[in-house]
Student: 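What follows is a structure written as structure tokens; I'll ask about it next.
Below, chain A is the first sequence line, B the second, and so on; all start at residue 1. None of the values given here were measured: they were computed from a predicted structure. All values below were derived from every heavy atom in this structure, side-chain atoms included, with hydrogens, water molecules and symmetry-related copies excluded.
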Number of protein chains: 2
Amino acid sequence: MKTKGKATSFDIAHFAGVSQSTVSRALRNSPLVNEETRRKVWEIAKKLNYKVDKNASNLRTQQSATLAILLFEDPTGDESQINPFFLNMLGSITRACAKEGYDLLVSFQSISQDWRAEYEDSHRADGIILLGYGDYMDYQSRLQNLLAQDTKFVCWGAKVEGRPDLTVSCDNYGGGELAAQHFISTGKKQCVFIGDASEHSPEFLMRFKGFKDTLEQQSISLSERNIANAISTEESGYHATHSLLANNVKFDSLFAASDLIAIGAIKALKEAGLRIPEDVSVIGFDNIAAANYITPSLSTVQQNTTLAGQMLVSNLLALIKGEQITETLLPPKLIIRQSTS
Amino acid sequence: MKTKGKATSFDIAHFAGVSQSTVSRALRNSPLVNEETRRKVWEIAKKLNYKVDKNASNLRTQQSATLAILLFEDPTGDESQINPFFLNMLGSITRACAKEGYDLLVSFQSISQDWRAEYEDSHRADGIILLGYGDYMDYQSRLQNLLAQDTKFVCWGAKVEGRPDLTVSCDNYGGGELAAQHFISTGKKQCVFIGDASEHSPEFLMRFKGFKDTLEQQSISLSERNIANAISTEESGYHATHSLLANNVKFDSLFAASDLIAIGAIKALKEAGLRIPEDVSVIGFDNIAAANYITPSLSTVQQNTTLAGQMLVSNLLALIKGEQITETLLPPKLIIRQSTS
DNA sequence: ATGAAGTTTGACACCGGTGTCATAATGTCG
DNA sequence: CGACATTATGACACCGGTGTCAAACTTCAT
């Protein structure tokens with residue numbers, strides 16, 4: 001019992017002595033087929049190592065049981081390295097998809113280049129997950145475009161006023177509050193923030209706002225001098241901290257918009273002979289693996305990537321099914337380690 | 001100029017006043033179509049936001065411009081965390097695919113569960129990349145099966161005698177040599193190895209062999225007592241090292257089969273009051289991000305994941321094109337940091 | 001004007017499934 | 001035993017492209 005090339009449902013039909021229609025039904029366990037016929041078909045299918053041709057199936061049914069993920073590169077990041085936080089997200093999304101029986105198409109996206117949102121247009125995926133920090137948010141018109149074409153998609157990241165997308169994100173504002181509260185409760189008075197506190201990085205801005213508002217409730221002000229701009233890399237955090245020190249800004253606590261920034265900051269602080277946490281307490285954001293390994297280990301606001309991946313997938317699936325969904329805010333959690341003990 | 005639902009080539013044909021065949025040719029820039037016709041068709045296609053339906057196209061041409069990656073879970077690994085080394089590989093493979101104009105389907109694979117090599121069978125991907133440490137290698141029969149079906153695939157990892165697959169891997173044996181040479185040149189005499197030195201983990205076994213052979217050339221023997229079994233996790237490395245110490249094994253240098261193991265080992269050594277590198281030099285394998293962040297920073301044998309990803313992809317594409325390819329061994333590189341200075 | 005060669009196009013089968021409808025086979029009941 | 005519901009199956013159109021082949025139209029040489 002052999003076939004030339006891959007086995008098709010016609011091959012099975014031939015060997016089973018039934019029509020191809022019946023084979024198709026039998027394989028999908030339609031109640032319309034006789035029990036014995038079904039068994040025979042399955043048996044032959046197994047013997048021929050038959051697998052449904054997804055292209056044909058998808059073409060007919062007009063759906064793909066596949067989601068696509070567009071991973072936006074950090075515009076400045078090292079070519080070869082991906083932000084570990086997003087790599088984690090990628091992992092948890094992959095798992096979440098698998099659990100739902102969906103496949104995942106992965107694609108990198110340089111900010112500059114034309115979006116390949118064609119995925120959904122070209123019927124390769126039923127929906128799209130957009131993943132990346134900050135800058136890609138500029139692409140409002142693209143999102144409008146996706147929306148106009150009735151493309152199903154969800155974004156990871158802070159909700160931006162006026163942007164039409166549905167987002168899943170960590171409660172960045174709440175994360176900033178947690179950091180501030182921790183500094184306050186440990187008696188810190190002079191705080192600095194490192195990160196991009198502008199609309200270019202909505203997530204960072206929210207973290208900053210939560211941090212600042214909470215401090216101000218305790219009459220601790222955060223002046224312009226106490227804010228250093230940085231993108232999410234170690235180098236950037238290092239330089240930002242360096243320039244704070246060079247400008248003679250006094251501080252006993254430092255909140256970085258991401259762990260990578262915090263790691264760079266710690267390096268700069270150490271080089272300046274400052275002790276952590278005695279002289280300066282440091283809190284990061286993300287809880288990437290490295291946070292636990294550096295010395296001193298880094299206190300940080302944890303984003304639950306596992307849950308985030310699940311929510312992104314389940315929200316997207318709900319959207320595809322035509323259900324109404326709303327923003328999802330995931331609760332952050334402060335992990336206290338040596339850098340603030 | 002509108003269409004109900006997504007635009008098809010028939011819609012374009014209608015608006016352009018030509019046949020659908022001509023549209024198809026024009027869009028693929030066939031030299032058979034008149035220049036002016038081509039322009040008109042492209043213009044309308046753009047206006048209608050037309051995208052080729054990949055399902056239909058793939059069905060007809062019987063190829064998908066897609067590769068699939070099967071990521072095998074560490075059998076014992078934490079559910080939510082993926083081995084960072086493989087996450088890196090995933091990143092570089094994704095990039096390599098993008099560069100070649102291929103899409104990437106990602107799938108996790110629990111060892112226990114049935115392989116979904118169906119990917120290629122079901123025409124969703126033109127080829128498969130298998131990625132994972134050790135144990136999945138048991139699945140010889142599966143590989144035979146893939147081969148029998150003429151499925152195109154490449155594996156990451158050590159070549160195993162008798163296994164029919166084509167592999168790309170780091171020169172694990174050479175990596176072991178590098179570690180041994182470094183210990184020898186810094187005057188170490190009593191070495192231990194931590195990792196699974198059995199056929200279950202071909203990569204680890206090769207690392208071990210390179211290490212052992214090189215030491216023996218210098219009349220340094222590696223007895224059974226100096227080998228501790230461990231899988232690639234921090235905990236396992238910690239416990240293995242712990243039991244070496246508990247058994248009163250004396251050593252001045254430790255080679256771990258992976259960075260995660262080495263990180264666990266360092267923790268155990270520190271707890272035992274041993275100084276690194278003064279009392280014990282430590283070398284890991286992989287050069288994951290954390291290696292640079294722990295204290296002391298970890299000397300390690302680096303695997304070039306960027307190159308590895310590219311080679312996996314280019315080898316697979318060559319295979320798909322029907323070219324003959326051979327094993328690829330990538331040169332490892334010793335990164336010296338504080339743990340052996 | 002006529003035939004050969006080159007250029008451009010349309011008609012149509014085909015890829016491998018899914019869904020609809022008609023038909024055949026079997027069973028039920030008055 | 002005939003009318004009718006029930007169950008199981010086959011025939012066929014269809015999804016949206018691609019590739020083949022024949023036909024229509026030019027162009028140019030004879």
Student: Taking all heavy atoms of B/I44 and all of B/I12, pick out the closest pair and write down the distance.
Tutor: CG2-CG2, 4.1 Å
Student: Can you name the nearest heavy-atom pair linking A/Q63 to A/N58, along with the distance?
Tutor: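 Distance-wise, the nearest heavy atoms are O-OD1, 2.8 Å.
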Student: Are B/R60 and C/dA13 close enough that a side-chain N or O sits under 4.0 Å from OP1 or OP2?
Tutor: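 Answer is no, no contact under 4.0 Å.
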Student: Assess, by modelled atom type and distance only, whether the side chains of B/R28 and B/S24 contain a donor and an acceptor separated by less than 3.5 Å.
Tutor: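 Yes.
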Student: Closest to the A/Q62 side chain: C/dG16, C/dG10, D/dC15?
Tutor: D/dC15
Student: Just the rounded figure in Å: distance from P of D/dC15 to CG of B/D11.
Tutor: 12 Å
Student: Taking only side-chain N and O atoms of B/T8, does any of them lie within less than 4.0 angstrom of OP1 or OP2 on D/dG16?
Tutor: no
Student: Whole angstrom is fine here: how far is it from CZ in B/F10 over to P in C/dC12?
Tutor: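 Those two atoms, CZ and P, are 12 Å apart.
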Student: Whole angstroms only, please: what is the NE2-C1' distance between B/H14 and D/dG17?
Tutor: 19 Å
Student: Whole angstrom is fine here: how far is it from NZ in B/K54 over to C1' in D/dC15?
Tutor: 17 Å
Student: Within this structure, what is the CG-to-P distance between A/L27 and C/dG19, rounded to whole angstrom?
Tutor: 13 Å
Student: Between B/G17 and A/L59, just flag the one whose closest nucleotide in DNA chain C comes earlier from the 5' side.
Tutor: B/G17
Student: Does A/R25 get its side chain close enough to the base of C/dG17, under 3.5 Å, for a donor-acceptor pair?
Tutor: no
Student: CD1 of A/I12 versus P of C/dT18: gap in Å, rounded?
Tutor: 11 Å
Student: Does a distance-only test, which skips hydrogens and angles, find a donor-acceptor pair under 3.5 Å between the side chain of A/S21 and the base of D/dC12?
Tutor: yes
Student: Can you name the nearest heavy-atom pair linking A/C97 to A/V313, along with the distance?
Tutor: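 Heavy atoms only, the tightest pair is SG-CG2, 3.9 Å.
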Student: Please determine, for the side chain of B/T61, which listed nucleotide (D/dT18, D/dG17, C/dG17) has the closest atom?
Tutor: D/dT18
Student: Would you indicate what A/Q20 reaches in the nucleic acid, counting non-hydrogen atoms under 4.0 angstrom: base, sugar-phosphate, or nothing?
Tutor: base
Student: Tell me whether the OP1 or OP2 atom of D/dG17 has a side-chain N or O from B/S57 closer than 4.0 Å.
Tutor: no
Student: Tell me the interatomic distance from B/N58, atom CG, to D/dC15, atom P, rounded to whole angstroms.
Tutor: 19 Å
Student: For B/Q63 and C/dG16, give me the distance from atom CD to atom P, rounded to whole Å.
Tutor: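 Atom-to-atom, B/Q63 to C/dG16, this comes out as 14 Å.
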Student: Choose from D/dG10, D/dT18, C/dG17 the nucleotide whose nearest atom is closest to any side-chain atom of B/S24.
Tutor: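 Nearest listed nucleotide: D/dT18.
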Student: Identify the heavy atoms of A/N304 and A/L330 that sit nearest to each other, and give their distance.
Tutor: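 So the two residues come closest at O-CD1, 4.3 Å.
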Student: Is the number of heavy atoms from other residues, nucleotides or ligands within 6.0 Å of CD (A/Q324) greater than 12?
Tutor: no
Student: Which listed nucleotide (C/dG17, D/dT9, D/dG16) is nearest to the side chain of A/L32?
Tutor: D/dT9
Student: Could you pick out which residue, A/A56 or A/T22, lies toward the 5' side of DNA chain D when each is mapped onto its nearest nucleotide?
Tutor: A/T22
Student: So if I take every side-chain heavy atom of A/T37 and compare against D/dT9, D/dC15, D/dT18, which nucleotide ends up nearest?
Tutor: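 Looking only at side-chain atoms, A/T37 lies closest to D/dT9.
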Student: Nearest to the side chain of B/N34 - C/dT8, D/dA8, D/dG10?
Tutor: C/dT8
